[in-house]
Every structure is written in C-alpha cells, then in structure tokens.
*Asks:* 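Below: one structure in structure tokens.
Residue numbers begin at 1 in each chain, while the letters A, B, ... track the order of the sequences.
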Protein chains: 2
Amino acid sequence: MQDGRSWTSEEIVEERTPRRPRIADVAREAGVSKTAVSFAFNSPDRLAPETASRIRDVAVSLGYRPHPVARMLTQRRTLTIGVLTPQALAVIFSNPFFGAFFEGVALAAEAEGYALHFISPLRGSLARAMDHATVDGVVAVGLSAGHPEVEQIRAAGVPLVMVDSSAMPDQPTVDIDDEGGARAAAQHLIDLGHTELLIVGVEPPFPGTADQLEPDGVMGRRLRGYRAAALAEGIEIVPASFVVAPASIDGGMVAFRRAWSSGLRPTGVLAMSDAIAVGVLRAARDEGLRVPEDISVVGFDDLDLSQFTDPPLTTVHQPIRLKGESAVRLLLSVVERRDPFPQQVRLETRLVIRGSSGPAPRRRQEVARVRR
Amino acid sequence: MQDGRSWTSEEIVEERTPRRPRIADVAREAGVSKTAVSFAFNSPDRLAPETASRIRDVAVSLGYRPHPVARMLTQRRTLTIGVLTPQALAVIFSNPFFGAFFEGVALAAEAEGYALHFISPLRGSLARAMDHATVDGVVAVGLSAGHPEVEQIRAAGVPLVMVDSSAMPDQPTVDIDDEGGARAAAQHLIDLGHTELLIVGVEPPFPGTADQLEPDGVMGRRLRGYRAAALAEGIEIVPASFVVAPASIDGGMVAFRRAWSSGLRPTGVLAMSDAIAVGVLRAARDEGLRVPEDISVVGFDDLDLSQFTDPPLTTVHQPIRLKGESAVRLLLSVVERRDPFPQQVRLETRLVIRGSSGPAPRRRQEVARVRR
DNA sequence: CCGGTTTAGCAAACCGGTTTAGCGGAGATT
DNA sequence: AATCTCCGCTAAACCGGTTTGCTAAACCGG
C-alpha cells in the first residue's frame, strides 16, 4: 500500500494464477445459493427453468466445472474400477494376453460408464498403491489367493473379483478350464504319436515366492491337465522335461535353447502361453528343426497373432476378451448391489489345431540327425 | 421401542454393514484429536513417539485406512495421471502399438509413484469422461489439435501433454520425425527400382471428421515424406494409389485385396503401420505373390512382432516406449512445477531393412503373370 | 378470504480428511 | 523468579462439493 492504493482481495487473486472457479463463485455471480448451483447441474427440475439456465450460463462464462474429487467424496462413488496386477504395468502392457484381456475389461466398463484405473505395485508395495486408488471395485488378475493384499482389499470393503487365481470360496472369481484345455493339448500330441514331451510353464512374477507352484494356480492346473493325459497313456513326465520361462517370445526362445543344449530331444512341446510357443517355434527352427515335421509345438491362449505365425500355431483357445468382460460385469453387479452373492464363473477352453503340430517323427534318430 | 428397550444409535449402526472407520473413530478410541491421528500418519515427528505408535496400533486394530478421496481433496493432488484416447479403450488395447506406448507411460509413471487412469469417450463424450477424471495431468495420444476437448482441458487448468498430434505452439508435445521416416522408407523402395507404389494410410478414428486428412497430423506428415522422396525421383503418386485402412492386420489385408482387385499392380507397398503391413504381407501371399521377389512391403512403427513375421518386416523404427516415457516425464515436469515452460520433444526415426523388401521385379508382366 | 398444498430456493450439516493458529506446561536461560 | 523456547497436542477452519430440513411465497379450490 505504499503507493497509496488499497488492494482488494479480488485484485490480488487476479494477480496470481487464475484459481479454478468453485461452486461458491458461481453462486455469488449468479446471486443464488450454492445449493441452487448444485441443483442446476444435478436436479434441474428442482429449479425454475429460467433460473437453472441462468446459473448454467454463469457457470460456463466462468469456466466452472464441478470438482470431480469433491463430488466423489459426497456421492461415495467414483465411477471408476480398478485393475490390479501383481506385476509392474510396464511388463503387463508388453504382454499381448493382457492387451486382449483389457479389451474385454474396457468394453464392459465403458458400456456402464466406468473408467479404468490401473493399480500396480508402487515402489514395490501393492498396499501402498491400493491406498491411493479411488475406485468402486477392483478386478485383480493373476493375483495368487494367498497374496496378503487380497485380505486387505476385502477388509477395506472394496468389492473384488479375482481372475485366474486359485479358487476362493465366497469370493467372486472368473477363470477358465485350464486343466481341460491342457489335457486336450497333451492328448492331441500323444494321439499324434509323441512320447518325448517338453513342457514350458510360465515363470511366476515373484521368483522369491515360497510356493513356487501353487497346485491350485493357473500353472498348477495346466500342469495337472498335461500330466493327466500323459499318465492315461502311460507316458511319464520327468521333472527335467518341465521348465519355466517368462511369458514372452524371448522367454520361449531362451527356454527351448537351454533345454535343447542340455540334451533334451523332445518331439513335442507343450507351452503354457502362446508367446512362449512362438519363441519355441523360432528357436527350434534356429536349431535346424522343421515344424511340424521334426517337432510339434502347442501353445495356450490363442492370441490373435497365433494364426499368423509360421506355421500357424496349434493352441488351446481361451476366450480372453470374454474373461475381461465377465470379470467387470461380475464386479459391477456387486458394486451396484444388484447381486450380492459371490459368483464363480468358469469359461470354456478348446483345442485349435493349426499347422504347428503333426505326427511324431518315426524314430528319434531322425530328429537327432538334423541337429548340427 | 415397543419392546420397551431403547436403541442407542451405536447399536443400530452395528446392525447394518460395518461402516468404514473414519479418522474420528480412531481419534475417539485412542483418546486424541483427529489432528493427532492425521499426524501419526503423515508427520509422525510432530508427535511423541509412543503416542504415534499407540495411535497407529488403534488404527490397525480398527482396520482404519485414510480415505483416499478425502485425502485427495485436501492435498490437491491425486498421484494419478490420465491417459486420454479419442477412441474407445477396447479398440486401443487391441493395438500393439499402444501396448508398447503404454509400457513406456507406465514405466515413467510408476517410477514417480503415479498410477494410471484411462480416459476414453464415455457414452460418446470425451468431455463427460474428463469431468469424472481425477488426475493431476493428462497425456493425450492421437488427439487432433482441433479437437474441442483440448481447449476444455486447458481451460480446466489441467496440465496436458499431447502425443502424435499436429504441432501446437505453447503446448508441450511429443512426436517423432514422421516425415523423415516416411521419406527414408519411400527412398528405400525407389532405390530398389520400384516405381509402382501403393500407399496404405491409417484410417482416422472418426470417419465423420471434416478434415479427413489434417496436413499437420501424423498421416499428413508421413504422406508428405513419401511424396517428397517420390517427387525427387520424378515418380508420381496418383490419388488412386493412396488408400486407407484401420490399423490392424485385418485392415491391411482388406485394403490390399481391394486395391489388387481394383486393378492396381504395385511392386512396392508403403504402409503407415506395421499391423497394416503384416496384413498386406498375408494378403499378397494369398494372391500368390512372393515377398520380396514379386512385391516389397515396408511398414511403419517397428513393433516387437515385426521382426518375427515371415519374412521379417522392413519398416521405419520409431521409439514407441521412449515416446510414452518422454510424454510422462514432460507431463510430470509441469505437474510438479519443475519446469513451467512448454517443451516440444521430437524423437528420431530410422529405417530398419529386413526381409520384406527387395529389388523391384524386372518387368511388370513378371508380377502380373503370377496372379491367378 | 381462508386453510392446505406446491414451488423455488436457502442455510446448515455433512462427506473424511489436512492444515493453520494457538495453547498449556516443562525445561532452559538470564 | 521471571522470561523465553520448545514440545506435544488440540480446536477450528478448510478442501469443494451434495443433501437435508425448512421457509416464504405462489397457487388452489371452496
């Protein structure tokens, strides 16, 4: 005030970054109460038509939009569903399986007007990430049932649907017939005369996990399916012929190369993911093997790209998009209290026979000879 | 009260679903003020150590966790960044390009402790979706500059970084050297002797858009690159040899088939996306053409899968993940007010020559004859 | 003209936290 | 002993909306 001028608070405000207009600003400008402004937006029928439209005019002229966070607080709903993954999003998004899965999730969510919020371990902690997540419900994918966060989420009273984890009673879940699909895949190779099988599983995200192989997890179920078919035909699956790899093309290549150079000479490979199968395909070819003449490869998932590989991949089809859709629909049914009873959805799988599987080579030498 | 008993309000509450404990509950139970509880969580150093730990004990025994929405409201930050796409998420997630892009986005976001919130047109309206989005900033990808939402977001004071849209002054953007990449691709084919070129562009998401081809958009820039190289060699690109297709394998197949059956006999195809290029590859083979002997195909993007196609795809590499990372880093630098000056980041492209391109066939008949 | 019902709009409470200003008491300083 | 400082904690204001309860005026039929 040294210049003899007095500053009104309004002027001072103008000097700074223009504050986001609040409901009170609109109310003052329009000469009504905050309530009226709120009504103008949410229940215009409680206002005289001309009042409502006048308020709205003032609102747009001020550039006012109700603050979404404040609105969430009072309405107790966020119109957002959380997608929880035990791995970093960066590795999730690189996986075509999740691409398809999220497609289904997005489809069902958008249809009901919900947005998607991805929750992944922040600085290593899923719990910390959950604390920041403003969601009406959560779809957790690939989270093992024993994971500590599960209980935390349930305790927080947030509706939860688990996808592809071991079965949990009184907990909505969505999964597929992993065992049946795997059995069909193994049966297929066995029917073609294969007896030397290599199984490539999916490496669990946390190497440090105590129970490396939960018998009830996805991998456990698939392994059980493979084994069941083999056992029925008297074929033995030795531990050495079961390896794991990251669920990627590279992972599959590395795994096959390692198995091959360790002396294994399978004529049939059962991969628990298409990405791995594609990697096996490539690695096998690099070894000079012909597919399917020298070696057969069967995948799992039936990704879009699997019909375009060379040769097209024989694989176990699972309805990935539908899985995502089902999970969200199930979730929303409990979020919106339409159906408080936890449901368990199990989707079908089926073997899709394409070009990467064929009759086993007559004699093992035939294969061995090829190797250089 | 007909039974002569009086109900305390507490008992009534107990009858219903157990309310989520609030900060006041913890305060009462621990015999302290709300402030103390808040301090126990956020600035424990302002409390006597034993008080803080006692409060925390009470909190866990009650299962209390601060309500994230309430916390957002006071702290004025959501620790979430929004990803805005002009198309439905269901179509976005099916596109491997976005998979890779989101990988980069997720990487940079998670590194700074931010979660991801996807904003897509809700019931057709991006504006409506934005109104519900609780984010500290937005990365908009593929949004044309003229899109009305852009102004709305800026007016709302939400920091915004635009990726792959036409350049906007005083607006942070991230894009790539589309023109240079395209020029290199076309030059490559021309150097190989190709003169009959087919260009397949990416169909814009909104067929109804007035300016189908913004000269400054991604497609406009790439087309300009193709044209520049052709023009320099005196090769003419007639409108008929420029077609568009959805950015998918299927889209590429359909587009090529249609072009072929309409009588076009290109010896070289310039596709503006790898997905399209892969589709072209397949469709060409379906027509009995050999790649690259009869026809060469050059893509754009260099997706992971492009090195695994048959033959491996010659394509223009762009650093997709880096693009996502850069966008988020740029965004966070303004969100966290480290750098208020809008920056424009332009990333390099480079031609990657693989197996899908080769010398043009000697005579055009040579190609025509192949056709059945 | 009167009692009863609608209508239009307001003040205050509330959602569930954080933050500011300040207060009483203990220990240190003069 | 009086004053100062620091510590540990609290009351109240605040973030920006929605919702409840209520009132004054307008409307209505009799």
*Asks:* Look at Glu325(B) together with Arg321(B) and state whether they make a salt bridge at an N to O cut-off of under 4.0 Å.
*Replies:*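 No salt bridge links Glu325(B) with Arg321(B).
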*Asks:* Quick one: sort the Phe102(B) and Phe93(A) rings into parallel, tilted or perpendicular, breaks at 30° and 60°.
*Replies:* tilted
*Asks:* When you check the side-chain N and O atoms of Glu110(A) and Ser120(B), is any donor under 3.5 Å from an acceptor?
*Replies:*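 Yes, because at least one side-chain N or O of Glu110(A) sits under 3.5 Å from a partner of the opposite role on Ser120(B).
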*Asks:* For Ile92(A), is there any backbone N or O sitting under 3.5 Å from a side-chain donor or acceptor partner on Asn95(A)?
*Replies:* no
*Asks:* Report which part of the nucleic acid Val69(A) touches: base, sugar-phosphate, or nothing (heavy-atom distance under 4.0 Å, all strands).
*Replies:*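 Contact class for Val69(A): none.
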*Asks:* Once you round to the nearest 0.5 Å, how far does CD of Glu112(A) lie from CG of Leu332(A)?
*Replies:*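 Rounded to the nearest 0.5 Å, the CD-CG separation comes to 5.5 Å.
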*Asks:* Please evaluate residues Ile119(A) and Thr85(A) with respect to the criterion side chain to side chain contact (heavy atoms under 4.5 Å, CB included), reporting the C-alpha separation (whole Å), side-chain torsions for both, the decisive distance (0.1 Å), and the verdict.
*Replies:* CA-CA 7 Å; Ile119(A) 308 170; Thr85(A) 63; over 6 Å; no
*Asks:* With nearest nucleotide decided by heavy atoms, which residue, Leu73(B) or Ala36(B), maps closer to the 5′ end of DNA chain D?
*Replies:* Ala36(B)
*Asks:* Crowded around Gln171(B) CD? As in, over 12 foreign heavy atoms under 6.0 Å?
*Replies:* yes
*Asks:* Please write out the pairs of protein N or O atoms and N or O atoms of nucleotides 17-19 of chain D separated by less than 3.5 Å, giving the distance to one decimal.
*Replies:*
from    : atom 1 : to       : atom 2 : distance (Å)
dG17(D) : OP1    : His67(A) : N      : 3.3
dG17(D) : OP2    : Ile23(A) : N      : 2.6
dG17(D) : O5'    : Tyr64(A) : OH     : 2.9
dG17(D) : O5'    : His67(A) : N      : 3.2
dG17(D) : N7     : Lys34(A) : NZ     : 3.4
dG17(D) : O6     : Lys34(A) : NZ     : 3.3
dT18(D) : OP1    : Asn42(A) : ND2    : 2.8
dT18(D) : OP2    : Ser38(A) : OG     : 2.7
dT18(D) : OP2    : Asn42(A) : ND2    : 3.4
dT18(D) : O4'    : Thr74(A) : OG1    : 3.1
dT19(D) : O4     : Thr35(A) : OG1    : 3.2

*Asks:* Could you give me the stems involving DNA chain D, meaning stretches of three or more consecutive Watson-Crick or G-U wobble pairs whose two defining distances are both below 3.5 Å?
*Replies:* C:1-30 with D:1-30
*Asks:* Please determine if Lys323(A) and Asp164(A) form a salt bridge, counting it only when a charged side-chain N lies under 4.0 Å from a carboxylate O.
*Replies:* yes
*Asks:* Applying the side chain to side chain contact (heavy atoms under 4.5 Å, CB included) test to Leu84(A), which of Val139(A), Ile153(A), Val150(A), Val141(A) qualifies?
*Replies:*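 It is Ile153(A), the one option of Val139(A), Ile153(A), Val150(A), Val141(A) that forms the side chain to side chain contact (heavy atoms under 4.5 Å, CB included) with Leu84(A).
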*Asks:* By a strict heavy-atom criterion of less than 4.0 Å, which residues belonging to residues 45-58 of chain B are in contact with DNA chain D?
*Replies:* Arg46(B), Leu47(B), Ala48(B), Thr51(B)
*Asks:* So, taking the atom named OG1 in Thr134(A) and the one named CE in Met72(A), what distance separates them when rounded to the nearest 0.5 Å?
*Replies:* 4.5 Å
